[in-house]
Number of protein chains: 2
Amino acid sequence: MKDKVKLDRIDLKILKILQANAKITNAQLAQEIGLSPAPTLERVKKLETSGVIKSYHAKLNTQKVGLGVSTFVMVTLKGHNKDNIEIFTESISEIDEIIECHHVTGSGDFILKIIAEDIAAYQKLMLERVTNIEVVDNMQSLVILSTFKDSKVMPIP
Amino acid sequence: MKDKVKLDRIDLKILKILQANAKITNAQLAQEIGLSPAPTLERVKKLETSGVIKSYHAKLNTQKVGLGVSTFVMVTLKGHNKDNIEIFTESISEIDEIIECHHVTGSGDFILKIIAEDIAAYQKLMLERVTNIEVVDNMQSLVILSTFKDSKVMPIP
DNA sequence: CTTCGCGCCAAATATTATTTGGTAAATCAA
DNA sequence: TTGATTTACCAAATAATATTTGGCGCGAAG
């Protein structure tokens with residue numbers, strides 16, 4: 001359940017389409033891939049139960065829901081040991097504004113993506129909930145000025 | 001069409017639910033927010049047409065589709081002028097493996113998220129298609145070792 | 001106070017998903 | 001190679017779900 005799954009040309013087509021538009025009807029999907037609805041649905045269900053498709057999500061316009069500030073934050077921990085990493089990731093998991101947390105190579109240890117209402121809210125969040133996580137040594141914020149690309153379609157062959 | 005939209009408590013509930021699970025049926029959604037199906041659907045449609053909900057996407061398991069390497073890349077351009085930025089973003093837009101491109105504050109100018117099959121494919125991509133974009137001065141890759149959080153639910157009040 | 005517009009509901013209808021039963025092609029063991 | 005078995009497919013019936021309709025009640029504006 002962790003390794004690559006065998007996917008034929010049609011499966012890949014389905015995945016591309018559903019990544020770009022999860023709301024397509026089964027009949028339309030069937031037509032686009034050149035099969036009838038029944039086997040199309042079977043394939044989609046199989047992709048779901050096998051875990052190739054993890055979930056389906058609505059994508060929002062951040063401005064319109066009043067979330068004006070997005071940032072990436074590069075974090076260095078005080079020590080790179082397992083305990084500290086666990087303390088850090090558990091602290092992170094409780095903070096809704098941190099929507100991504102990746103362990104990365106390079107000068108820092110982690111990179112976070114954070115979303116807040118405005119700069120004031122962002123500052124408050126950082127000061128009161130993030131900066132004071134005990135194992136954090138250093139943080140550098142990169143504020144997103146504009147986003148040119150934010151594709152939900154991965155480059156599958 | 002660019003500013004915050006008025007959303008009541010029920011709209012916010014709908015948005016939270018659809019971000020977490022876009023495949024919920026209208027009847028279930030109606031029940032969870034405490035309305036009947038008809039006005040529930042009306043609200044969802046209104047959120048869609050007003051652009052609060054931009055789109056719906058399937059989220060895939062990268063391992064299972066054979067995409068083993070994800071990275072963040074911090075890019076510095078040779079000049080921070082408008083022309084160079086345009087040249088850069090247009091070059092970027094043609095490369096499917098670059099799924100995100102944000103203009104950011106800080107030492108670099110842009111941060112990219114890139115997905116590839118493996119390290120070899122990643123190296124090839126960078127050497128042949130990214131590094132040689134003329135306006136690029138410097139790039140630093142951060143390879144994602146593991147992801148602890150990747151939420152599709154934004155922190156709306 | 002009354003009228004309008006909005007948001008809601010229940011129930012009818014339309015659309016879509018899902019199941020069913022059966023056929024043909026691909027796979028494999030003998 | 002052949003016969004058995006599985007797999008993938010299709011058309012059409014059925015079940016589930018979305019969507020429309022008509023009407024009610026409430027709050028705001030005149």
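None of these values were measured; they are calculated from a predicted model. Chain letters run A, B, ... following the sequence lines, proteins first, then strands; residues in each count from 1.
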Distance test, side-chain N/O of A:Lys45 to OP1/OP2 of C:dT18, below 4.0 Å:
yes
Look at the side-chain N and O atoms of A:Lys46 and state whether any lies under 4.0 Å from the OP1 or OP2 oxygen of D:dA8.
yes
Just by distance, do the side chain of B:Ser70 and the backbone of B:Ile144 share a donor-acceptor pair under 3.5 Å?
no
Between [options], which nucleotide gets closest to the side-chain atoms of [X]?
{"X": "A:Ala38", "options": "C:dT20, C:dA17, D:dA18", "value": "C:dT20"}
{"X": "B:Leu41", "options": "D:dA11, D:dT20, C:dA17", "value": "D:dT20"}
{"X": "A:Ser36", "options": "D:dA11, D:dT19, C:dG7", "value": "D:dA11"}

Contact class for A:Lys23 vs. all strands (heavy atom < 4.0 Å): base, sugar-phosphate, or nothing?
nothing
Using a heavy-atom cut-off of 4.0 Å across all strands, would you classify A:Thr25 as base, sugar-phosphate, or nothing?
sugar-phosphate
Should we count NZ of A:Lys46 as having more than 12 external heavy atoms under 6.0 Å?
no
Nearest whole angstrom, please: distance from the [atom2] of [N] to the [atom1] of [X].
{"X": "B:Leu29", "N": "C:dC8", "atom1": "CG", "atom2": "P", "result": "13 Å"}
{"X": "A:Arg43", "N": "C:dA17", "atom1": "CZ", "atom2": "C1'", "result": "18 Å"}
{"X": "A:Lys6", "N": "D:dA8", "atom1": "NZ", "atom2": "C1'", "result": "16 Å"}
{"X": "A:Leu35", "N": "C:dA25", "atom1": "CG", "atom2": "P", "result": "16 Å"}
{"X": "A:Ile10", "N": "D:dC10", "atom1": "CD1", "atom2": "C1'", "result": "13 Å"}
{"X": "A:Arg9", "N": "D:dA8", "atom1": "CZ", "atom2": "P", "result": "16 Å"}
{"X": "B:Glu42", "N": "D:dT21", "atom1": "CD", "atom2": "C1'", "result": "11 Å"}
{"X": "A:Gln31", "N": "D:dA11", "atom1": "CD", "atom2": "P", "result": "13 Å"}

For A:Ile95 versus A:Ser91, what's the shortest heavy-atom pair and its separation?
CG1-O, 3.6 Å
Parallel, tilted or perpendicular: ring planes of B:Phe148 versus A:Phe110, cut at 30 and 60 degrees
tilted
Inspect the contact between B:Asp8 and B:Arg43 and indicate whether a charged nitrogen and a carboxylate oxygen are less than 4.0 angstrom apart.
yes
